[in-house]
Amino acid sequence: MAIEWFKSDAPVAQLLFAHGAGAGKDSEFMQQMAQLLMAQGINVGLFNFEYMDKALLLGRNQPPQRADKLIAYFKQIYAKLDNNLPIFIGGKSMGGRMASLLACEQTVKGVIAFGYPFHPPKKKDTLRTAHFSELLAPLFIVQGERDTFGERAFVSELPLLGPITIAWIDDGDHSLVPRKRSGFTQAQNWQHSAKLAADFMKKVTHD
């Protein structure tokens with residue numbers, strides 16, 4: 001149940017940051033985003049859910065556990081945090097969804113979701129937004145315009161209830177990566193995403 005910390009020299013907040021379903025805390029996205037957020041004055045704590053540690057131990061993929069198991073483990077990790085800085089929780093894809101579910105029962109400053117899975121790909125009638133109205137903290141979603149788990153044209157029409165803000169990333173996919181022909185780069189999109197998330201955390205902290 002170890003947390004890998006990326007600590008800023010002058011932190012203003014801390015983010016407990018959960019990974020997505022298919023890649024753990026050592027993935028390029030998680031490591032790079034933690035570095036970028038740290039540079040913006042956010043202490044970032046990464047961890048692996050139990051099934052991901054098991055997958056690494058066995059050397060083969062493991063399916064994610066049920067949501068209640070993931071949330072219970074997330075809560076255990078949360079309990080290890082110090083209260084010396086404002087606490088935010090969040091994650092990539094599935095990790096962001098679990099953070100938002102935890103925020104319906106746990107008091108935190110806010111929730112950050114990169115690539116929120118509004119629905120499974122090609123299953124737009126299976127929405128994962130019913131709990132939004134129960135959030136106890138503001139939810140900030142950083143979403144790629146082309147995300148197959150919730151593209152801009154579709155999500156923009158949803159009647160989302162709750163304290164939710166969505167920031168759209170130009171031509172981004174589920175990992176906020178643009179196509180080469182878009183004129184944008186992965187580095188630009190990730191840097192912009194980190195700044196948006198950090199600015200949100202700073203604003204909430206100072207409000």
Side-chain angles (χ1 to χ4, degrees), residues 4 6 8 15 17-42 44 46 48-49 52 55-56 60-61 63-64 88-100 110-129 132 138-160 162 164-204:
E4 178 185 2
F6 293 74
S8 170
L15 171 67
F17 191 28
H19 61 77
K25 71 179 181 64
D26 293 329
S27 69
E28 181 188 13
F29 182 91
M30 296 297 293
Q31 292 287 316
Q32 285 291 319
M33 194 55 65
Q35 291 276 1
L36 291 167
L37 288 166
M38 179 180 69
Q40 296 279 341
I42 309 297
V44 182
L46 305 183
N48 278 338
F49 287 110
M52 187 58 67
L56 293 170
R60 62 175 183 268
N61 291 336
F88 292 79
I89 59 176
K92 166 76 168 73
S93 191
M94 179 197 77
R97 181 181 173 223
M98 293 305 111
S100 68
V111 185
I112 309 292
F114 294 93
Y116 187 85
F118 284 92
H119 57 77
K122 299 181 180 180
K123 295 182 179 179
K124 294 181 178 179
D125 56 337
T126 308
L127 288 176
R128 295 159 170 165
T129 58
F132 282 4
L139 168 60
F140 187 73
I141 298 173
V142 184
Q143 194 82 354
E145 291 182 326
R146 299 184 297 111
D147 194 332
T148 54
F149 289 77
E151 63 186 14
R152 184 168 191 165
F154 176 75
V155 173
S156 296
E157 296 297 321
L158 292 177
L160 299 178
I164 299 156
T165 303
I166 303 177
W168 293 101
I169 303 302
D170 291 325
D171 203 60
D173 63 10
H174 191 49
S175 293
L176 312 176
V177 178
R179 294 167 292 190
K180 287 185 178 180
R181 68 172 183 268
S182 71
F184 302 100
T185 67
Q186 174 180 302
Q188 287 174 331
N189 274 11
W190 285 9
Q191 176 66 50
H192 182 49
S193 299
K195 187 176 188 310
L196 289 170
D199 286 349
F200 168 80
M201 285 184 269
K202 292 172 184 175
K203 181 180 184 301
V204 170

Problem set entry | Rounded distance [0.5 Å steps], CG in Asn189 versus OG in Ser175 | 11.5 Å
For this session: Taking the side chain as every heavy atom from C-beta outward, state whether Pro64 and Met94 have any atom pair closer than 4.5 Å.
Result: yes
Exercise. Is Asp199 salt-bridged to Lys203, going by a charged N under 4.0 Å from an acidic O?
Worked result: no
Seminar exercise, completed: To the nearest 0.5 Å, atom CG of Leu46 lies from atom NZ of Lys92 at 14.0 Å
Exercise. If you take all heavy atoms of Gln40 and Ala198, which pair is closest and at what distance?
Worked result: CB-CB, 3.5 Å
Seminar exercise, completed: Closest non-hydrogen atoms of Pro121 and Phe149, given as atom of the first, atom of the second and distance, are CD-CE2, 3.4 Å
For this session: Report yes or no: do Gln186 and Glu28 form a side-chain donor-acceptor pair below 3.5 Å?
Result: yes
For this session: Give a yes or no answer on whether the side chain of Arg146 reaches the backbone of Pro178 with a donor-acceptor pair at less than 3.5 Å.
Result: no
For this session: Give the C-alpha distance, both sets of side-chain angles, the deciding distance and a yes or no for side chain to side chain contact (heavy atoms under 4.5 Å, CB included) between Phe118 and Ile166.
Result: CA-CA 12 Å; Phe118 284 92; Ile166 303 177; 4.0 Å; yes
Exercise. CG of Leu36 to CD of Gln31: how many Å apart, nearest 0.5 Å?
Worked result: 11.5 Å
Exercise. With sequence neighbours left out, which residue pairs that include part of residues 182-201 fulfil the ring pair (Phe, Tyr, Trp, His ring centres under 6.0 Å) condition?
Worked result: Phe29-Trp190, Phe140-Phe200
For this session: Work out which heavy atom in Ser193 is nearest to a heavy atom in Met33; give both atom names and the distance.
Result: CB-CE, 4.3 Å
Exercise. Distance from Arg181 atom CZ to Asp171 atom CG, nearest 0.5 Å?
Worked result: 7.0 Å
Exercise. Do Phe132 and Leu139 pass the side chain to side chain contact (heavy atoms under 4.5 Å, CB included) test, and can you show the C-alpha distance, the side-chain angles, and the key distance before you say yes or no?
Worked result: CA-CA 9 Å; Phe132 282 4; Leu139 168 60; 3.8 Å; yes
Problem set entry | Partners passing salt bridge (Lys or Arg N to Asp or Glu O under 4.0 Å) against Lys202 (at least two apart in sequence or in another chain) | none
Problem set entry | Main-chain N/O of Arg97 paired with Ser100 side-chain donor or acceptor, under 3.5 Å | yes
Exercise. What do the steps show when you test Ile112 against Phe17 for side chain to side chain contact (heavy atoms under 4.5 Å, CB included), and what is the final call?
Worked result: CA-CA 8 Å; Ile112 309 292; Phe17 191 28; over 6 Å; no
Exercise. Measuring from Leu15:CG to Phe6:CZ, what's the distance to the nearest 0.5 Å?
Worked result: 11.5 Å
Problem set entry | Closest heavy-atom pair and its distance - Phe49, His19 | N-NE2, 3.1 Å
For this session: For Gly144 and Leu176, work out which heavy atoms get closest and say how close.
Result: N-CD2, 3.5 Å
For this session: With side chain to side chain contact (heavy atoms under 4.5 Å, CB included) as the test, would you mind laying out the steps for Asp147 and Val155 before giving the verdict?
Result: CA-CA 10 Å; Asp147 194 332; Val155 173; over 6 Å; no
Exercise. Is there any side-chain hydrogen bond (donor to acceptor under 3.5 Å, both in side chains) pair reaching into residues 110-128, and which pairs are they, with sequence neighbours excluded?
Worked result: Lys124-Glu151
Exercise. Which distance, rounded to the nearest 0.5 Å, do you find between the CG of Leu37 and the CZ of Phe88?
Worked result: 11.5 Å
Problem set entry | Nearest heavy atoms of Gly96 and Ala113, plus distance in Å | CA-CB, 4.1 Å
